[in-house]
Amino acid sequence: MSGPIFEDLSGVSTASFSNPYDALIAASENDPAELQARYITHRNTRNSQQKAKMLDKDFSGPNIDPILLRLSDSTVEPGFVDPRHCLVFWGRPSQKIKNLIDRVQQELLTVAPTLEITHSKKAEEIQKIVDSLSDKIPAITDYTVQHRARLIKPMISFDASALALSFVPAAGEASARGRTKADDAYTYHHLRRDLFSRCQDIGVTVDSRYVVPSSHLTIGRFIYTKDFVDDKGVYDASKMEVFIKKIEEINAWLEKEFWPEHHGGNVPDGADWLVGEEKGLNCRMGTLWYGGGESVHEGQGF
């Protein structure tokens, strides 16, 4: 089972690059501010497209995640097991970012109480890849110790299937961390590029679910339609309008509270995230679409 195709809406084509992450870096002339702008363009454009789709008169309701539904409600298909096994290098959020996610989730649950808060191969294929990578994994999971990419400007990104808290690469914005423009010259996109190259160099084919300019943490998925139907079980477009309005209210709050533009150009405490802080990258395998699986190796934090 494969995931959805994610379209790059930043105006960049990866077709002529063996490492797709090089495309955006080249188009941005290695300028962090321009690269950040491309991330913002992609994020804003996608949200606008999804809003129009979900408020269109022909929209019939959110896309239910059939696998998560079965894992959450055992009565749907007793004994069901997620068949999708994955191998990833995860950058786990810091405690301050987790606290922010919790605040956002609680707000979303006021209008969608049944929202579930929480890429694929067979198990034996994943194990074969892990075996081939075993002695190289520590160097990859520790990579962020010396390559510290910073993310800022949290915002909810959404579509008809899920919601995520998304970020964009920093570009020298001041914060209590004391980061400089030189520090932020190495961006999150450079980190993605380098990890892609390291895997390629040791002969592992990287089958990323997406290479578009996005950095996000999924914070909710739809598994029921009951939040968006009337008392007769018929889809009610007005309830989706309320849901979209709540997302926009939260995004306005996030921008006011956590974006540097509203704080004299300074990033407020807890609003920027250094990938790899507290915990290094986590090489994880198994049925991990919803946070499960097992760790192969956890990197060093800082």
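Starting from 1, each residue takes its place in the sequence as its number. Keep in mind it's a predicted model, so treat the numbers as computed, not measured.
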Only pairs at least two apart or in different chains count here, so list each salt bridge (Lys or Arg N to Asp or Glu O under 4.0 Å) that has a residue in [range].
{"range": "residues 254-268", "answer": "K153-E261"}
{"range": "residues 131-145", "answer": "none"}
{"range": "residues 157-167", "answer": "R46-D159"}
{"range": "residues 60-78", "answer": "R70-E77"}

Can you confirm whether [X] is buried at [atom1], in the sense that more than 12 heavy atoms of other residues, nucleotides or ligands lie under 6.0 Å from that atom?
{"X": "E29", "atom1": "CD", "result": "no"}
{"X": "K279", "atom1": "NZ", "result": "no"}
{"X": "Q146", "atom1": "CD", "result": "no"}

Check step by step if side chain to side chain contact (heavy atoms under 4.5 Å, CB included) holds for D269 and K96.
CA-CA 9 Å; D269 182 48; K96 288 184 177 180; 2.9 Å; yes

Backbone N or O of [Y] within a donor-acceptor pair of the [X] side chain at under 3.5 Å?
{"X": "D102", "Y": "N99", "result": "no"}
{"X": "N251", "Y": "I156", "result": "yes"}
{"X": "D227", "Y": "T114", "result": "yes"}
{"X": "Q300", "Y": "G280", "result": "no"}
{"X": "S28", "Y": "D31", "result": "no"}
{"X": "W259", "Y": "P154", "result": "yes"}
{"X": "T141", "Y": "N282", "result": "no"}

Test L217 against I97 for side chain to side chain contact (heavy atoms under 4.5 Å, CB included), laying out the working first.
CA-CA 10 Å; L217 299 161; I97 298 299; 4.0 Å; yes

For [X], give me all partners under salt bridge (Lys or Arg N to Asp or Glu O under 4.0 Å), at least two apart in sequence or on another chain.
{"X": "R198", "result": "none"}
{"X": "E277", "result": "R177"}
{"X": "R284", "result": "none"}
{"X": "R193", "result": "D22"}

Compute whether any side-chain donor of one residue and acceptor of the other, for Q36 and E173, lie under 3.5 angstrom apart.
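Distance-only check passes for Q36 and E173.
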
Sort and list the pairs that fulfil side chain to side chain donor-acceptor pair (under 3.5 Å) and have at least one residue in residues 50-60, not counting sequence neighbours.
K51-E248

Decide, yes or no, whether a salt bridge links E34 with R38 under the criterion of side-chain N to carboxylate O below 4.0 Å.
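Salt bridge flag = yes for R38 with E34.
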
Heavy-atom closest pair, residues S157 and N47
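Looks like CA-OD1, 3.3 Å.
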
Assigning hydrophobic clusters by single linkage (Ile, Leu, Val, Met, Phe, Trp, Tyr; side-chain heavy-atom cutoff under 4.5 Å), is [X] placed with [Y]?
{"X": "L288", "Y": "I223", "answer": "no"}
{"X": "L115", "Y": "V104", "answer": "yes"}
{"X": "F80", "Y": "I64", "answer": "yes"}
{"X": "M285", "Y": "I137", "answer": "yes"}
{"X": "I25", "Y": "I40", "answer": "yes"}

Working to the nearest 0.5 angstrom, can you tell me the gap between [X] [atom1] and [Y] [atom2]?
{"X": "H190", "Y": "L195", "atom1": "NE2", "atom2": "CG", "answer": "13.0 Å"}
{"X": "L55", "Y": "I244", "atom1": "CG", "atom2": "CD1", "answer": "5.5 Å"}
{"X": "L35", "Y": "T187", "atom1": "CG", "atom2": "OG1", "answer": "4.5 Å"}
{"X": "R221", "Y": "L69", "atom1": "CZ", "atom2": "CG", "answer": "13.0 Å"}
{"X": "I140", "Y": "L281", "atom1": "CD1", "atom2": "CG", "answer": "9.0 Å"}
{"X": "I152", "Y": "D184", "atom1": "CD1", "atom2": "CG", "answer": "7.5 Å"}

Within the structure provided, determine whether [X] and [Y] are in side-chain contact (heavy-atom separation under 4.5 Å).
{"X": "R179", "Y": "V267", "result": "no"}
{"X": "D8", "Y": "P213", "result": "yes"}
{"X": "M54", "Y": "F228", "result": "no"}
{"X": "V242", "Y": "K239", "result": "no"}
{"X": "E298", "Y": "R92", "result": "no"}
{"X": "M155", "Y": "L165", "result": "no"}
{"X": "K246", "Y": "E249", "result": "yes"}

The test is side chain to side chain contact (heavy atoms under 4.5 Å, CB included); show your working for V275 and Y188 and say whether it passes.
CA-CA 8 Å; V275 180; Y188 170 76; 4.1 Å; yes

Does anything in residues 154-178 form a ring-ring contact (aromatic ring centres under 6.0 Å, His included)? List the pairs, not counting sequence neighbours.
F167-W273

If a pair satisfies ring-ring contact (aromatic ring centres under 6.0 Å, His included) and one of its residues is in residues 26-57, list it, with sequence neighbours excluded.
Y39-H189

Ring center gap for F222 and F243 short of 6.0 angstrom:
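Here the rings of F243 and F222 have centres that are less than 6.0 Å from each other.
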
Kindly determine whether S72 and Y290 satisfy side chain to side chain contact (heavy atoms under 4.5 Å, CB included), including the steps that lead there.
CA-CA 11 Å; S72 302; Y290 313 116; over 6 Å; no

Report the hydrophobic cluster partners of V234, with the cluster defined as I, L, V, M, F, W, Y residues connected by side-chain heavy atoms closer than 4.5 angstrom, directly or transitively.
none

